[in-house]
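Below, chain A is the first sequence line, B the second, and so on; all start at residue 1.
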Amino acid sequence: MYKKYVINKLFFLIILFILSLFHNQKLFATSSEWVNYDQGKVRLISAKLNNNSNFYLGLHFIMLPDWKTFWRSPGEAGYPLEFKYNKSKNILFNEIMWPYPERFNFSGIYTYGYSKEVVLPIKFDVIDKKFDADISIEINFLTCSDVCIPKKIYLSLPIPKEAHGDNYLKLNQDLLAKYLQRVPKRVEKSSVNNKIYFIPKSEESVLKINIDSIQGFKNPDVFVETGTELNFDKPRLIFTETGKVLEFELPIKDIDTVNIESLLNQPVVVTFINFGKAEEYNLDVEIVGNKHSSSSSLWVIIILAVAGGLILNFMPCVLPILTLKVLSLLDKESLGYNYIRFSFFGNILGIIFTFLVLALLIIIFRFLGINLGWGFHFQEPIFTFTVLVIILFFSLNLFDLVQIKLPFWIFSSLGKNANQKESNNFRFSFFNGIFSTILATPCTAPIIGTTVTFALQNSSFKVFLIFLAMGLGMSLPLLVIIIFPNLISYIPKSGKWTLNLKKFLGFLLLLTAFWLLVVLINQIDLSVLIILLVIMFLIFLLFIKNDPLQIISRNLYLKLIVLVAIPLITIPIILFSDKVEPEKTNRLLDLQTDNINKYLSSGKLVFVDITAEWCITCKVNKFLVLDTNEVRKVFENENVIYIEIDWTKRDSKILDFINSFDRSGIPLNIIYGKFTPKGITLPEILTKKNLYRSIQVAKGSKIIVEK
Amino acid sequence: MLKNKLIRNISFLFVIILFIILIFLLSITKNEDEKSFIKGEMEKFVFSNNKTEDRSIFWFDINNKRIDLTDLNGKVVLVNFWASWCAPCIEELPSINKLSKKIDQSKFESVIINIDKVNKEKSVRIYESLRLDNLKYFYDANNHLVSYLKVDVIPTTIIYSKNGKELGRLIGEAEWSSSDAVKLINYFIK
């Protein structure tokens, strides 16, 4: 056995010797022996490329299935190969040139590296070409599958002086060229239009990378090296409409104070892979404060608007009105379906009309340079008061305490007078529609919030379109009845249950009135309010059912009230027209960057809550989240300064502030921290979870990604 | 008389041999017993032959205070080696944290030892981000321990008996919060 081996080897040597004679002494090893390790093998190869006077050394790895080794940036775990060349002679080495890597996912931990086969090229030069050179290196690398094993291997390869000629080492050219091609080509920043943004968000902060490519895209991928310890999930690929700009969104796994700072202070290296080749760019990260990428298309927004409108029907302030509408028609089946249809049609027109008027108002005011927020009309005390009066009357009516004898347009549709003419029926329904829409606006559902925001940023045409969609959405239940009027006959005939239901709805309205009263207390002086309320009740007495005022003539009473009321109403108007509240303005001034920065630099967080008495969602947020003991404690522990800004009354500064966050209404909650110096907005509906998460983001502390 | 003595000696020898065989058989059946725990998640666990106490096993805590295995005598000790560059290790750590909560802490201790040579701070940050409330951060200075114990693959987990003898080791990743692992540890505690 041994003999045979020796003979074989001898035979081989003889052949080599003969060959070397023919090749004019040019035959020498172009690669080292394979060094086997348990999980693969490695050798040195060398070559000189045709068009290039440089020598290339290649670390040629062949790995067993499942085993991998790492890129220069290993990702969340791993480390890159290192080599030491101290023992090499007459050789000058350059850095390792790293071919672009693969992305490995180990249960959510992403690492970058190579599997199966790779050649890591290293450029080198022979210092003195008159002498032989010797490559002798030590490599330290990590190989991992479901375990990790650090490896240390010695490799050597002599480079005889004969090798310096141009015909050197053609054997390995193809292999080396194949991997050299995968080494990213450095492209100067000035010659590309690519951009990278840091977008802090409460749910998930991302790096957004925009890449231009004229040639189109094939299997594009992107790796970002930040020089920090930030880790990323797999990038999400978003093709833009034009198809010429590629947008990657790289979710940042754990936000970290130090890391975000250095991310913003130094350029990052973006490696972009396309058509199996790679380019790399040094790009500066731009911070994007709070702009949403409003890429949502008009259609999506319109669908949202319809949905939002539909939801408005179920708001506590609107529900009673529409329910009563249906109840009023219960006994009118005898009048025929057309009567019912007509009545609902009036309602729908009323709703849509109001929405269009709102849209028109917004557009007109925008032309005048005044931005109106959503729910703006509730910032007018006179308006609020009027609505309060109507609602209260409505409610008392449902409790059967007052009765309408005058043709009071809004309530007539309740159907107290069954003998109305068709035209009246239509007109009353129309006003009913208007009224329910107006009442609905302060109950801004979150969906409405986004759609209105979108609408307000867009052209007048789109504003109309979106408001129309909202109106249609709100009318949807009515439309169903118009199409299938016989649905009404499925509701049992009115009886005791309708009376009880009316009382319940009356109670809901009473609550709404109470809420409006709270709004008013914040808008006008208490004394003024009391006067107004007294006048209101005096007027209500006119309509009381079991009339106690039989003694005085109704007309005289009416005149008396008018005499008292007119001066009383003019006084408050004068009073609150020039009412200024310096305190709240100051608070807002606090938000001007200097002060915020002062807080932030001392390590504090600032939480801004813009709220108003008429904003129901804000109240819900307070009740469920912000005012809970748990949250207060967290605020205390995390050093959060809580600033509440009250927008119950109109204030253009506050509105400008809201608009600067691409919102048009409230609730608006913003958190400022060292890492979110421009503030990040929280979702309209707060939860403890999203609040805590955004505190973490603002603080820049690590966030555990729960599995 | 002489013959009698010989017979007595032979029978004595016989009894001794029988006794040895009995012990041998017992140890085999005991081994089979042990093997019944080596299933499922603990499949990769290998029992050690080394039955002597090892006095030179120590590591350091985050304040560079030396801790010896002998300090933990009286407890079954699980020693797990991990590094910031080892994804499977990082994935495994939370399961060790869970295991340590499932077993009586007066009888069992879990020790995770970081073996990073450079950038220890990174390993501390990873440790913190994992929120291992039941495990402390320890490190192996200059890779003394891993080379002494001939740990060249991580994750590797070694289990020591109450008196500091190596009971066996598991090379690679395992789900330490599984019932198989709990059974194995409880078996060692008994």
Side-chain angles (χ1 to χ4, degrees), chain A residues 37-39 66-82 103-113 115 140-153 227-231 252-259 262 696 699-707, chain B residues 41 43-46 80-95 97-98 113-133 137 140 142-143 145-147 149-158 169-177:
Chain A
Y37 57 96
D38 291 343
Q39 299 77 28
D66 292 337
W67 289 91
K68 54 207 175 240
T69 192
F70 295 90
W71 191 42
R72 61 180 182 206
S73 293
E76 265 174 88
Y79 56 78
L81 177 140
E82 277 177 15
R103 181 178 282 104
F104 304 113
N105 180 358
F106 194 91
S107 350
I109 300 176
Y110 284 94
T111 57
Y112 316 124
S115 62
N140 284 294
F141 64 98
L142 182 68
T143 181
C144 286
S145 64
D146 52 356
V147 294
C148 291
I149 309 170
K151 293 281 173 191
K152 180 190 274 190
I153 286 173
T228 69
E229 278 173 21
L230 290 176
N231 296 313
I252 302 175
K253 270 188 153 173
D254 17 52
I255 297 283
D256 182 285
T257 318
V258 190
N259 287 324
S262 51
Q696 300 295 326
K699 204 167 74 167
S701 65
K702 293 210 170 184
I703 296 161
I704 307 275
V705 182
E706 275 155 34
K707 275 179 195 169
Chain B
E41 285 296 332
E43 208 170 30
K44 288 182 271 181
F45 190 84
V46 179
N80 169 274
F81 293 99
W82 71 284
S84 67
W85 37 260
C86 169
C89 305
I90 295 168
E91 208 222 352
E92 185 186 49
L93 290 175
S95 80
N97 194 45
K98 278 185 204 148
I113 301 178
N114 176 270
I115 66 161
D116 275 55
K117 279 188 220 162
V118 285
N119 207 351
K120 277 250 180 290
E121 302 77 26
K122 186 181 175 187
S123 70
V124 175
R125 281 195 288 276
I126 290 173
Y127 163 80
E128 279 170 356
S129 75
L130 289 169
R131 300 201 185 157
L132 307 168
D133 51 355
Y137 177 91
D140 179 21
N142 303 322
N143 285 3
L145 195 54
V146 279
S147 46
L149 293 171
K150 297 189 175 61
V151 173
D152 45 11
V153 174
I154 61 165
T156 286
T157 307
I158 305 178
R169 45 177 87 184
L170 191 151
I171 296 174
E173 196 195 359
E175 180 54 49
W176 286 100
S177 59

*With a 4.5 Å cut-off on heavy-atom pairs, point out which of C89(B), P88(B), G172(B) contacts chain A the most.*
P88(B)
*Output all residues satisfying side-chain contact (heavy atoms from CB on, under 4.5 Å) with K152(A), sequence neighbours left out; order by chain, then residue number.*
E138(A), N140(A), Y154(A)
*Residue part contacting chain B, namely of S145(A), when any heavy atom lies under 4.5 Å*: backbone
*Donor on one side chain, acceptor on other, T143(A) and Q39(A), under 3.5 Å*: no
*If you measure only the distance, is there a donor-acceptor pair under 3.5 Å linking the side chains of S84(B) and D116(B)?*
yes
*F81(B) side, atom CZ; C86(B) side, atom SG - distance, nearest 0.5 Å*: 13.0 Å
_Does any backbone or side-chain atom of P74(A) lie under 4.5 Å from a heavy atom of chain B? Answer side chain, backbone, both or neither._
neither
*Against chain A, work out which of T156(B), D152(B), I154(B) has the most heavy-atom pairs shorter than 4.5 Å and name it.*
I154(B)
